[in-house]
Amino acid sequence: MKEIIPSPPPLVHNQFEAVRDLFSKNVVPSYGRFDLALSHGSGSYIFDVAGKRYLDLGSGIAVCCLGHAHSAITEALVEQSRKLIHVSNLYFTEPQGRLAAEIVKRIGAGKVFFSNSGAEANEGLFKLARKFGHDEGRFEILTAVNSFHGRTMAGIAATGQDKVKKGFEPMMPGFRHIPFNDLAAARNAISPATTAILIEGVQGEGGVTPATPEYLLGLRRLCDEKKLLLLMDEVQCGYYRTGKFQSFQRILEGVPGGEKFLPDGISMAKSLGGGFPMGAFWVRSPYADLLGPGTHATTFGGTPLACAVALKIFEVVECEHLAENARKLGDWLKNELERLAKTYPTVVKNARGLGFMLGLELAEKIPAFASSDKSAAVQFTSRMQAAGVLVIPAGTQVIRLLPPLNLKPQEAGEGISKIEEVVKSLV
Ligand code: PLP
């Protein structure tokens, strides 16, 4: 394969203040940003505008699955953009058809719709659920407490966290929240208006909490019994992050009855394009034609460019056995994080997660954090940045590791020793 590796810019401009100034004058301040302006990357490393190097264990929140500036992605972008970047979905294109087939092959009989983001993929699932229940007057979707499903109006209504709803009331009707991993609560919450249940396989923003196998199998039985759609948001936890294409495939591995399990709809995004923005949802066969012509659309969904990139990423993931890498190196990382929890209980409460979706829960009331009103997760993340590692906060107490699927063992080792350094400094 022809190598097209972008070389890092030779000149380093230490212009953090200037960049931040541009933002404060011109960019809507809806994000709480860290004092860090990033410039370029290579593999698992990323550089700021001052030339400082960071090990990126966050991958743009589970997006850059092949790390930064991967030659296969660059090549796919260059090659496809020379041929065709965009056509309307009024027409057929081969890359979109081939990519849909690749996704179906990895999940099960069904069909795929392409979107541009995770929130938009979930919007499609909401519309699918409404269409499914429409003729019987059913419209309500049950979602989990602490879930996260995106920032659109329906997304925040679906999300089981008050902080995303605040200031945007009234909420779009048709969503209710149930405690996660509690089958009895799900059964009790079903009303005559309920049409679907939507959960994440592993809650991400909520703090890295995997669904239990019993919960998944129980929800499937419940949905069959009550004629509800079972929908899964795999936007963050999907795409090989847990060691299997979708997280439920990993959670149910070896569990009796697990091999037959399939949800009715799955949303995806993030790693699907490796940083090129795209999303998708898959619908199981019996319901795959519910959204017929004219019912759902988007201008940019499934462009030849996005699909060519996604097809190339599938190829790399398979050739380089990256699912196995996420599983094996993820197991090693988790053991190490558990060791830190045992060794430094006043700083680390526990470690959890699967594969390359790991969470480190910080202890309450770490004395060194007492003088700041910032959350423990944010303060820990800042200390990690000072030590040269990017990690992602989840909620107020959890640090997430979502490294690229091609993280190398020595990089994992470097990450752990930097985390231990920061943990030790807080004892
Ligand atoms: N669903 C889950 C589980 C997510 O983690 C996210 C984003 O973090 C979304 C949906 C929304 O995706 P996007 O930000 O691409 O709209």
Side-chain angles (χ1 to χ4, degrees), residues 28 30-33 58-65 113-129 141 143-161 163-165 168 172 175 177 180-181 196-211 216 230-242 245-248 250-251 263 265-282 298 300-302 306 309-310 353-359 377 390-395 398-402:
V28 171
S30 64
Y31 297 96
R33 296 179 201 266
S59 320
I61 318 191
V63 169
C64 305
C65 58
F113 178 95
F114 290 101
S115 63
N116 307 286
S117 68
E120 208 194 319
N122 283 334
E123 289 282 336
L125 291 185
F126 304 149
K127 284 181 72 176
L128 178 83
I141 301 171
T143 68
V145 171
N146 262 333
S147 60
F148 183 81
H149 299 297
R151 295 288 194 147
T152 57
M153 284 309 293
I156 60 173
T159 293
Q161 302 187 44
K163 68 179 184 205
V164 306
K165 305 178 195 271
F168 299 105
M172 188 185 149
F175 294 95
H177 310 309
F180 191 54
N181 274 334
I197 298 178
L198 167 70
I199 57 154
E200 290 158 89
V202 183
Q203 288 192 334
E205 303 299 309
V208 190
T209 311
L216 291 181
L230 176 56
L231 307 175
M232 290 194 68
D233 181 336
E234 293 269 348
V235 166
Q236 185 168 149
C237 57
Y239 211 88
Y240 300 105
R241 192 145 286 285
T242 60
F245 183 48
Q246 301 296 348
S247 70
F248 65 82
R250 168 83 199 257
I251 293 168
I266 302 173
S267 55
M268 292 158 253
K270 291 197 181 272
S271 282
L272 193 57
F276 194 89
M278 75 179 309
F281 65 87
W282 167 92
T298 168
F300 290 122
V309 171
L354 291 166
F356 276 172
M357 183 164 185
L358 296 169
L390 301 190
V391 295
I392 312 280
V398 178
I399 303 302
R400 262 175 298 172
L401 306 188
L402 303 160

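When a ligand or atom number is given, it counts from 1 through the structure's own listing order. The basis for the numbers below is simple: all heavy atoms, side chains too, and nothing from hydrogens, waters or symmetry mates.
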Should the ring pair F175 and F126 be called parallel, tilted or perpendicular, given that the plane angle runs from 0 to 90° and is split at 30 and 60?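 The arrangement is perpendicular - the two ring planes meet at more than 60°.
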So, for C65 and Y239, which heavy atoms are closest and what is the spacing to 0.1 Å?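 Result for this residue pair: SG-CE2, 4.2 Å.
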Side-chain donor/acceptor of [X] to backbone N/O of [Y], under 3.5 Å:
{"X": "T159", "Y": "H149", "result": "yes"}
{"X": "D233", "Y": "A121", "result": "no"}
{"X": "S271", "Y": "A62", "result": "yes"}

What does the list of residues with a heavy atom under 4.0 Å from ligand 1 look like, ordered by chain and number?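 Lining ligand 1 at under 4.0 Å, by heavy atoms, one finds S117, G118, A119, N122, F148, H149, G150, E200, E205, D233, V235, Q236, K270.
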Got a sec: does the CZ of F300 have more than 12 other heavy atoms crowding it under 6.0 Å?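 Atom CZ in F300 is not packed in, count stays at 12 or less.
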